[in-house]
Structure formats: structure tokens, C-alpha cells
2 protein chains.
Amino acid sequence: MSAKAASPERVGTRAHSLGRLEHEFGVVLRRVKRVLAERARAVHPDLPASSYLMLSYLDESGPCRSSAIAELFAMDKGAISRQVQHLADLGLVERTPDPADGRAALLAVTDEARRRMAQVQRDRRRWLDERLGDWSDEDLLAFVDTLSRYNASLDY
Amino acid sequence: MSAKAASPERVGTRAHSLGRLEHEFGVVLRRVKRVLAERARAVHPDLPASSYLMLSYLDESGPCRSSAIAELFAMDKGAISRQVQHLADLGLVERTPDPADGRAALLAVTDEARRRMAQVQRDRRRWLDERLGDWSDEDLLAFVDTLSRYNASLDY
DNA sequence: GCAATTGGTTGCGAATCGCAACCAACGGGA
DNA sequence: TCCCGTTGGTTGCGATTCGCAACCAATTGC
């Protein structure tokens with residue numbers, strides 16, 4: 001509690017809320033950072049934590065190109081290339097040549113990866129549901145809707 | 001839009017909300033990952049993006065030990081030691097011996113770092129405020145309160 | 001058909017992390 | 001008081017990762 005405001009704004013002002021927002025997202029980030037590694041391991045023992053987000057995105061958004069991933073994650077395309085190579089070696093991602101462009105390849109998660117990801121997500125949701133036991137369905141839905149609106153406001 | 005649910009749950013169920021929650025936090029993560037690097041640069045051109053969160057935590061939570069940081073970020077204490085060393089070289093962090101324990105040292109941000117962080121936070125809040133222009137003060141406050149409750153529910 | 005661009009891979013140097021060994025200081029017994 | 005186990009922190013080392021740049025292949029535009 002007591003999200004100590006380092007700034008001298010009056011409590012309840014918009015500026016104060018924005019400060020608290022940054023603070024709370026900081027908490028989220030630190031927790032996620034801790035959780036991500038074990039989630040990656042749960043999918044595959046040799047899956048680097050840094051690749052989990054990428055695999056997760058591919059899983060839920062469908063096939064796309066390496067270059068799209070590179071831009072989305074603001075990473076070098078070389079680094080992406082190696083990560084994809086590793087994921088392919090692990091049998092989690094398949095590269096199929098893009099029929100529309102001979103240079104490009106479409107990345108897609110394998111059935112095996114989809115199964116494993118689904119299992120990990122089920123476990124995660126069970127854990128979440130337990131932690132949010134005192135949240136009503138309406139509370140949760142409202143929260144997700146607002147978070148979604150927040151993302152929509154910030155993603156240009 | 002259309003947060004495509006890979007899972008076959010019926011829309012509106014609690015399970016569906018939990019799935020959306022994961023999705024939206026994924027969006028948050030990718031955006032934050034993109035933003036963090038430039039924020040770090042704004043504080044100091046030689047500040048590694050990975051150290052920004054640490055400096056930010058020190059700035060808003062006050063002095064603490066390296067070991068506390070290591071546990072909070074789930075990182076090796078050796079890695080923390082080097083990061084702190086680097087931050088000290090940059091003049092952003094000071095190490096003062098802990099009067100209560102001769103082994104330990106208390107980390108604290110320098111005045112210079114505090115000024116720079118404050119400036120970056122001001123800019124960031126201005127940007128945020130602009131993006132959230134169509135949010136009422138009540139919307140924003142409710143969102144922060146709910147996010148805070150969410151963190152409280154998950155942080156044990 | 002040739003030049004410029006784009007998608008992707010690879011080589012290389014720099015930086016980072018985890019593990020482990022290590023040192024110094026604290027603390028609880030015998 | 002003297003040990004000995006524990007804790008806070010630094011350092012060495014091997015492995016991994018990233019960014020930059022050079023490079024190849026395929027596409028697009030003129």
C-alpha cells in the first residue's frame with residue numbers, strides 16, 4: 001500500500017493518478033519478469049525466457065514474418081533470426097516460404113507448441129483465477145475492458 | 001480490436017476474461033519494452049535499458065541493499081553488483097556503508113539522478129496525459145485503483 | 001534489363017547473466 | 001572468548017544475447 005508519491009502533487013489530482021499509474025505498472029513489470037522465466041521453462045526446458053513472449057505472440061496472433069516480429073519487439077532482425085532458428089530446432093516454430101514473396105518466410109507455431117502453450121495458459125489461468133478469487137466477474141470484466149481501452153489509447 | 005480468443009471459451013465468461021487479461025498484458029509488455037530503452041537514454045545516454053527499472057525502483061522506494069534488489073528482480077547478486085558498479089561510475093547511484101551492518105551497503109540515487117528521473121517522468125506524464133486526453137479524471141482514478149488492487153491480489 | 005529496395009542469414013565485438021569461488025563481517029552457541 | 005555457520009557483496013569464467021554491418025537472394029521500379 002502507500003504508493004509513496006515522490007512528487008509533491010496533491011493526492012487525487014490527475015497528475016497524482018498518472019504517477020501512481022507508472023508505479024503500479026512498475027510493480028507489474030517486476031512481477032512479470034519473475035514469472036516469465038518459469039513459464040518459458042514450463043513450455044520447454046530449453047526455451048529462453050526472452051523467446052517466450054515471441055512464441056506467445058505467434059501463438060495468439062497467427063503466422064507472420066520475422067521482420068514484423070523484429071519491428072514489434074524493437075529488436076535487431078539478426079537477433080530475431082537466431083531466436084527463430086533456435087525455436088525451430090526445438091520444434092516449436094515452423095518456417096514456410098511465403099507464397100506471395102520468394103524472399104520471405106512465414107513463422108508459425110507447431111501443433112506441439114500450441115498444445116504446450118495451451119497447457120501452460122490453462123495452469124496460469126487457474127492460478128490467476130485463484131488469486132483473483134475475491135473479484136466478481138463484473139470487476140474482472142470491467143478491469144479487462146479498461147486495460148484494453150488503455151492499450152488502445154497508447155498504441156498508435 | 002478483436003482480441004482473437006484462441007481458446008474456445010464462450011465470450012463473457014470468467015475464463016474468457018482471464019484470457020483477454022493475458023492478451024492485454026502482453027500488449028503492455030511489448031509496448032513497455034519498446035519505450036524503456038528510450039527512457040533510459042533520456043536519463044543518461046550510457047544507462048542500459050535493463051538498469052532503468054532498477055534505478056526507477058531505487059528512486060521511488062528509497063535506499064535499500066543490493067540483496068533486496070537481487071531478490072526483487074529475481075536476478076543473480078553478481079549481476080546486480082556489476083550493474084550497481086556501472087550506475088555508480090555514471091554518478092547515478094551512491095553506495096553508503098550500512099551503519100547497522102558492516103557487510104552491507106545502502107544504495108541510493110544521487111541528486112543528479114533524481115533530477116534527471118524527475119525530468120523524464122514529467123515528460124512521460126505529459127505524453128501519457130495527452131494520450132489519455134479522452135479519459136475523465138474519474139476513469140483514470142478508477143483504473144489506477146483497480147490496477148493497484150490487481151497487484152495487491154497477485155503480490156504475495 | 002539494370003539499379004535500388006526488402007527479407008533474411010551470418011560474422012564479429014561488446015555487454016549481460018548465472019554459477020561458483022571467494023572475502024569480510026555478523027551472530028549464535030559451547 | 002573463540003569458533004563456525006550464515007549472510008552481503010565482489011570477482012572470474014563460460015555461455016548466451018544483442019546490435020551493427022556485410023552479405024545473399026528475391027522483388028520492385030524505371
Side-chain angles (χ1 to χ4, degrees), chain A residues 29-30 32-41 44-55 58 63-90 92-108, chain B residues 29-30 32-38 40-41 43-55 58 63-90 92-108:
Chain A
L29 281 188
R30 289 192 291 273
V32 167
K33 187 172 181 305
R34 280 198 305 269
V35 168
L36 232 51
E38 61 187 74
R39 282 232 256 170
R41 273 196 306 272
H44 193 293
D46 293 332
L47 177 63
S50 58
S51 296
Y52 176 85
L53 278 179
M54 192 179 116
L55 193 63
L58 268 179
C64 71
R65 300 183 176 181
S66 289
S67 51
I69 300 280
E71 192 183 3
L72 182 64
F73 288 87
M75 280 177 55
D76 188 74
K77 56 181 184 175
I80 299 295
S81 174
R82 291 175 226 269
Q83 278 195 24
V84 169
Q85 181 60 48
H86 189 206
L87 288 175
D89 291 342
L90 294 178
L92 298 174
V93 160
E94 276 174 343
R95 269 178 292 206
T96 64
D98 187 340
D101 190 332
R103 301 166 294 181
L106 290 179
L107 311 179
Chain B
L29 281 188
R30 289 191 291 272
V32 167
K33 187 170 181 307
R34 279 198 308 267
V35 167
L36 233 51
E38 59 186 76
R41 273 195 307 271
V43 174
H44 192 293
D46 294 333
L47 176 63
S50 57
S51 295
Y52 176 83
L53 278 179
M54 191 179 118
L55 192 63
L58 268 180
C64 71
R65 300 183 176 182
S66 288
S67 51
I69 299 281
E71 190 183 4
L72 181 65
F73 288 86
M75 280 177 53
D76 187 74
K77 56 181 182 175
I80 299 295
S81 174
R82 291 174 225 269
Q83 278 195 25
V84 169
Q85 181 61 48
H86 189 206
L87 288 175
D89 292 342
L90 294 177
L92 299 174
V93 161
E94 277 175 342
R95 268 177 292 204
T96 64
D98 187 340
D101 190 332
R103 300 166 293 181
L106 290 178
L107 310 178

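Values in this document were obtained by computation on a predicted structure and should not be read as measured data. Reminder, nothing fancy here: chain letters follow the sequence lines and each chain counts from 1.
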Which atoms form the tightest heavy-atom contact between [X] and [Y], and what is the distance?
X: Lys33(B); Y: Phe73(A); answer: NZ-O, 3.4 Å
X: Ser51(B); Y: Leu87(B); answer: CB-CD2, 4.3 Å
X: Leu72(B); Y: Arg34(A); answer: O-NH1, 2.8 Å
X: Asp46(B); Y: His86(B); answer: O-CE1, 3.4 Å

Look at the side-chain N and O atoms of Ser67(A) and state whether any lies under 4.0 Å from the OP1 or OP2 oxygen of dG8(C).
yes
Tell me which of Ala79(B) and Ser51(A) sits closer to the 5' end of DNA chain D, going by the nucleotide each one is nearest to.
Ala79(B)
Side-chain-base donor-acceptor pair under 3.5 Å for Arg82(B) and dG9(D)
no
Of Arg95(A) and His86(B), whose nearest nucleotide on DNA chain C comes first from the 5' end?
Arg95(A)
Short N/O separations, protein against nucleotides 25-30 of chain D, under 3.5 angstrom:
unit_1	atom_1	unit_2	atom_2	d
dT27(D)	OP1	Gly102(A)	N	3.0

Any side-chain heavy-atom pair from Leu47(A) and Arg41(A) closer than 4.5 angstrom?
no
Are Gln85(B) and Arg95(B) close enough that some pair of their side-chain heavy atoms sits under 4.5 Å apart?
yes
Contact class for Arg65(B) vs. all strands (heavy atom < 4.0 Å): base, sugar-phosphate, or nothing?
sugar-phosphate
Once you apply a heavy-atom cut-off of 4.0 Å, does Gln83(B) come out as touching a base, just sugar-phosphate, or nothing?
sugar-phosphate
Rounded distance (Å) that lies between atom [atom2] of [N] and atom [atom1] of [X]:
X: Ile80(B); N: dC19(C); atom1: CD1; atom2: P; result: 14 Å
X: Met75(A); N: dA21(D); atom1: CE; atom2: P; result: 17 Å
X: Asp46(B); N: dA14(C); atom1: CG; atom2: P; result: 15 Å
X: Ile69(A); N: dT6(C); atom1: CD1; atom2: P; result: 20 Å
X: Leu107(B); N: dG9(D); atom1: CG; atom2: P; result: 7 Å
X: Glu71(A); N: dG19(D); atom1: CD; atom2: C1'; result: 17 Å
X: Gln85(A); N: dT9(C); atom1: CD; atom2: C1'; result: 9 Å
X: Arg34(A); N: dG18(C); atom1: CZ; atom2: P; result: 14 Å

Of all the nucleotides listed (dG18(C), dC12(C), dG8(D)), which has the minimum atom distance to the side chain of Asp76(B)?
dG18(C)
Nearest to the side chain of Lys77(B), heavy atoms from C-beta on, is which of dG11(C), dG9(D), dT16(C)?
dG9(D)
Apply side chain to side chain contact (heavy atoms under 4.5 Å, CB included) to residues Val93(B) and Met54(B) and explain how you reach the verdict.
CA-CA 11 Å; Val93(B) 161; Met54(B) 191 179 118; 5.7 Å; no
